[in-house]
Amino acid sequence: MGYKPQEIEPRWQAHWNQHQLFRAGIRSDLPKYYVLDMFPYPSGSGLHVGHTEGYTASDIIARHRRMKGFDVLHPMGFDAFGLPAEQYAIEKGVHPEVSTRENIETFSKQLRAMGYSYDWDRQFSTSDPTYYHWTQWIFLKLLEHDLAFQEEAMVNWCPELGTVLANDEVIDGKSERGGYDVVRQPMKQWMLRITAFADRLLEGLDEVDFPESIKSMQRDRIGRSEGADATFDIVDSDLKMEIFTTRPDTLFGSTFCVLSPEHPFVSKLTDAPHQQAVEAYCQEAARKSDIERSGTEAGKTGVFTGAHAINPCTGDSMPIWVADYVLMGYGTGAIMCVPGHDQRDWDFATTFKLPIVEVVAGGDVAVEAYVGEGTHVNSGFLDGLDKEQAISASIDWLEQKKIGKRIVRYRLRDWIFARQRYWGEPVPVVIDDEGKAHPLPESALPLELPHLDDFAPTGTGKSPLERAQQWSQTEVPGSGAPARRELDTMPGSAGSSAYFLRFIDPKNDQALVDPQLAKRWMPVDLYLGGAEHAVGHLLYSRFWTKFLHDIGVCPVDEPYAKLVNQGMILGEDHRKMSKRFGNVVDPLDVIAEQGADSLRVYEMFMGPIEADKPWSTGGLMGARRFLDRVWRLFFDQDDQLHGTLSAQATDDQMRILHRTIDKVDRDTEGLRFNTAIAQMMTFVNELNPLETRPRAILEPFCLVLAPYAPHLAEELWSALGHDESLMWEEFPQADPHWLEQELVEVPVQVNGKVRSKIEVAVDIGQEQIQQQVLADSRVQEYTEGKEIVKFVWVPGRMVNLVVR
RNA sequence: GCCGGAGUGGCGGAAUUGGCAUACGCGGCGGAUUCAAAAUCCGCUGACUUUCGGGUCUUGUGGGUUCGAGUCCCACCUCCGGUACCA
């Protein structure tokens, strides 16, 4: 009796599956819409209700768009390679091939139980050879265009995980996975030249519809800054020291220089009396973790080298110090210090009693550095100029003297593209006896990952693939000279950097994607996922897209037209959902008790999609009760359809129906799912007490409900006598006639306070309403004996009288 | 510190262009139904006050603009996210 989701839902899921109702690309006459979820890591713990929030939102959009006449591409797959999957496998003592397969099964089962309208035929995992074939192919293309290269680089080495990590896999000097110590260490690595795309990645942000916070995070990561390089002579040395500054206008105020401890000049410049102290300092700096070095609370440390550089403006000699607040990885690893106008330099100068000179007026350099605007003083030919003029004039001067030039630098580093781990895409390269790298020919792809029984990290900096002797020993393509395969694998972020292209044409064994199909579907119209990928994944995939665009593979150079970050679902206790707190909610449990439609409706009703929201069992029950009430709108106590189906719809019924259609349509389009559902609840509440249930009202409502509670909607639709699924029915259109009201009740304010309400025709004129308002007895109480200064009538909204 | 976002009932949240603050849901209270309970249905539910007509106050705090401010402007406080010596 009554609404039984457990019985209804599997039946409709089977029906959709059987009739392949969500296949994309079969209606090429319709406009396209590509809606994509950030695909999940198939972890061992399965999906929780945080994942299903985003997936439900995108599914509602997909279903709504289909009903609005779009050919919708809505695919799903699994990001299975990489550290999380491998760590899980190690912890459980299972081979990652096995655990990945099992986890994907669990995830698929959960996703299917939610009734998502994915085109499952397009599903793949990044660990499928038929997929990573193309990840490897892109790598070969990058290599061909000199965007992939090997370099001895300072990397984040995690001894416990036995691999290098990307910067965003390191948090506070610990690994993101497991929280193990990470040390800086030089290693020869494959790198991708993402820095070559820095400006385009920056400019592209202006064209896309991303949350402002994401854009600003990406801009910060790219960290473009304009300035100048300048070369300083060194006293009693042939060496010339190159520094980078964004404030060349303050050259006259530079009183000392600082080298990074890793700077090659440190050992060359340090004189005998200072040697011991400098060496000790550099060793200490190398030992310290990044977090210790950058700790602002630590204050400034440093040692004098005994050497001096010459200030090209003043001719003064400036002591050269070594300090770890200067980083080797940015700029030239050497800076000129202007303590008057840079707080870090000011702190340093104060600590070590170095001279401070004011060159920009406006502050008090005896108290703190002055970084604001101002007129230049003590600056020779720059005196009297403002900041902008002085920067420009000083660079001109440097260029004229051939001791410097204008330059743009970025904080963004090249992408370290190698992990000393087993579970990743093999790099399609062989190394000959002289250590030279040779790419494999495209025909050799995919280079399959060999099966290894012992896949644990070696911990030595070598890849576990070293153990695959047979696989590793090979020859140089073409020449036949002996060689070994590259043993490092690609990082986890490789597989997710172009997957949206592969979903368009997942079975193509001749190309990453057919160009015609790519043209049809790109870009992704709506991309939904968590904000944790704000920088890493999004920057990497934007980079690859730009590259693929340049070589003619991808028709667009920005992959995602619109990005939305769903918020986090917190536990009922308002804390982050985590096993540790025991507050994790499994969608399968919810589905078993209340049904997938209740879960879908509840999660969308919780609040704005982008906000963090706490789970509430009571709230879930509310969603269930709403669907129960929908059921009873259609059926009587014996589960028989209401006998009043053939009744004529009343004007009231038509008005509430069309208001609902209009609001749900617009709110869905704008991803305001919570208010769309509130409107459907209002519809049910208002319709409930009315005596008749005309088909003309129930049928359109069924369609309006369908994107949100698809199983229930199908069941009701079929009960109304339809043989076909409502999936491709047209979404109802709101008739403007029923949206307009003839009479409205408007509040009447006197001096801004509501004192009365009157009912008037919407289109009443100023004079008539004034007459009616003044005739109102409540209004007269407040106006008696007073002068009416002003009469405000906002048509259809309200009246305000100003009296004195 | 800097950048981004947010502060509205007991709780989640709503509010077109500046126009009835608290929609919708949860929770609570009362009632109907029931042998009883669950479920369901109906009503009430921001605070204070009241002669039960109403009155006063209320959207983090303090100012301002306006006939009118949750919404706009200025200053500040708190929370969340990001970032952290990038010269």
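Letters A, B, ... mirror the listed sequences (proteins, then strands); counts begin at 1. Because the structure is a prediction, the values reported are computed rather than measured.
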Could you list, one pair per line, each protein nitrogen or oxygen that sits under 3.5 Å from a nitrogen or oxygen of nucleotides 3-7 of chain B, together with the distance?
unit_1 : atom_1 : unit_2   : atom_2 : d
B:rC3  : O2'    : A:Ser216 : OG     : 3.4

Separation of the P atoms in B:rU22 and B:rA47, to the nearest angstrom: 14 Å
4.5 Å side-chain heavy-atom contact, A:Trp321 and A:Leu259: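 Not touching, per the 4.5 Å side-chain cut-off.
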Sugar-phosphate only, base, or nothing, as touched by A:Ser225 at under 4.0 Å among non-hydrogen atoms: sugar-phosphate
Touch class at under 4.0 angstrom, heavy-atom based, for A:Gly622 against every strand present: sugar-phosphate
List in chain and number order the residues that pass side chain to side chain donor-acceptor pair (under 3.5 Å) with [X], two or more places apart in sequence or in another chain; answer none if no residue qualifies.
X        : value
A:Lys387 : none
A:Thr250 : none
A:Thr52  : A:Glu603

Value rounded to 0.5 Å, distance of CZ in A:Arg542 from CG in A:Leu201: 5.0 Å
First encountered from the 5' end of RNA chain B, between A:Thr675 and A:Met621: A:Thr675
Of residues 792-801 of chain A, the positions that come close to RNA chain B - non-hydrogen atoms, cut-off under 4.0 Å: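 Listed by number, they are A:Val792, A:Val794, A:Arg797, A:Met798, A:Asn800.
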Under 4.0 Å protein heavy-atom contacts per nucleotide of nucleotides 32-55 of chain B, with B for base, S for backbone only and - for none: --------SS-------------S
A:Arg600 to A:Tyr708, cation-pi by 6.0 Å centre distance and 45° axis angle: no
Side chain of A:Pro747 (C-beta onward), nearest among B:rC80, B:rC20, B:rG13: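 Of the options given, the side chain of A:Pro747 lies nearest B:rC20.
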Step-by-step salt bridge (charged side-chain N to carboxylate O under 4.0 Å, His left out) determination, A:Arg632 to A:Asp628: CA-CA 6 Å; A:Arg632 284 197 301 274; A:Asp628 282 332; 5.2 Å; no
Distance below 4.0 Å between A:Asn674 side-chain N/O and B:rA14 OP1 or OP2: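 It does, given that an N or O in the side chain of A:Asn674 lies less than 4.0 Å from OP1 or OP2 of B:rA14.
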